Amino acid sequence: FVHEIRNINQEMPLINAIIAIARGFHMNLVAEGVETVEQMQVVRSLGCPVMQGFLFSKPVPANDMLATLSNPASLFQEINTLSQCLPLQH
């Protein structure tokens with residue numbers, strides 16, 4: 001739901017509501033479509049630490065992903081050297 005955000009300030013109530021609904025139902029929530037550090041920081045600040053999107057990885061073939069998953073250290077990355085972004089939760 002994040003990739004459609006054009007203006008973080010205008011979309012904040014919608015994102016907040018989705019996160020609150022998921023929490024209310026004790027559901028796991030993954031923010032999809034995170035493409036910018038700003039989107040990542042906003043979503044994390046609203047209490048959704050699990051994300052996916054082009055910011056973290058472009059689509060990769062299944063065999064490449066299996067190799068990545070077999071090396072847990074590769075699942076953590078630094079983005080623009082922003083220490084508050086680490087570790088990325090998975």
Side-chain angles (χ1 to χ4, degrees):
F1 62 87
V2 176
H3 72 279
E4 295 297 327
I5 296 172
R6 301 283 186 255
N7 183 330
I8 295 287
N9 292 328
Q10 288 179 350
E11 301 296 334
M12 194 77 74
L14 176 62
I15 296 169
N16 219 354
I18 292 169
I19 292 170
I21 290 168
R23 281 188 189 152
F25 285 104
H26 305 285
M27 299 172 70
N28 293 325
L29 181 65
V30 177
E32 296 182 354
V34 177
E35 296 179 355
T36 68
V37 171
E38 180 185 22
Q39 289 172 339
M40 178 189 65
Q41 290 171 328
V42 168
V43 171
R44 273 186 113 183
S45 74
L46 293 173
C48 183
V50 182
M51 301 167 228
Q52 68 181 41
F54 285 166
L55 177 63
F56 308 105
S57 176
K58 302 287 188 215
V60 297
N63 287 338
D64 292 349
M65 194 64 207
L66 290 174
T68 299
L69 292 174
S70 68
N71 180 9
S74 69
L75 297 174
F76 297 91
Q77 62 181 328
E78 193 167 340
I79 299 170
N80 295 331
T81 64
L82 294 173
S83 61
Q84 69 268 21
C85 299
L86 294 174
L88 298 176
Q89 297 185 12
H90 58 281

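Counting begins at 1 with the first residue of the sequence. Here the structure is a predicted model, which means the values were calculated and not measured.
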Visitor: One pair to check against side chain to side chain contact (heavy atoms under 4.5 Å, CB included): V30 and M51. What are the steps and the verdict?
Guide: CA-CA 5 Å; V30 177; M51 301 167 228; 5.7 Å; no

Visitor: Grab the two heavy atoms, one from P49 and one from G47, that are nearest each other, plus how far apart they are.
Guide: CD-O, 3.4 Å

Visitor: If you define the side chain from C-beta out and look only at heavy atoms, does anything of L55 sit under 4.5 Å from T36?
Guide: no

Visitor: Check whether F54 and V60 end up in the same hydrophobic cluster, where Ile, Leu, Val, Met, Phe, Trp and Tyr are linked by side-chain heavy atoms less than 4.5 Å apart.
Guide: no

Visitor: Return yes if some donor-acceptor pair links the side-chain N/O of S57 with the main-chain N/O of G53 below 3.5 Å, else return no.
Guide: no

Visitor: Once rounded to the nearest 0.5 Å, what's the spacing between atom CD1 of I21 and atom CG of N16?
Guide: 10.5 Å

Visitor: When rounded to the nearest 0.5 angstrom, what is the spacing between CZ in F56 and CD in E35?
Guide: 11.0 Å

Visitor: Evaluate side chain to side chain contact (heavy atoms under 4.5 Å, CB included) for I15 paired with L46, printing each intermediate quantity in order.
Guide: CA-CA 8 Å; I15 296 169; L46 293 173; 3.5 Å; yes

Visitor: Any chance you could measure S45, atom OG, to M40, atom CE, to the nearest 0.5 Å?
Guide: 10.5 Å

Visitor: I19 and L29: side chain to side chain contact (heavy atoms under 4.5 Å, CB included), yes or no, with the steps?
Guide: CA-CA 7 Å; I19 292 170; L29 181 65; 3.5 Å; yes

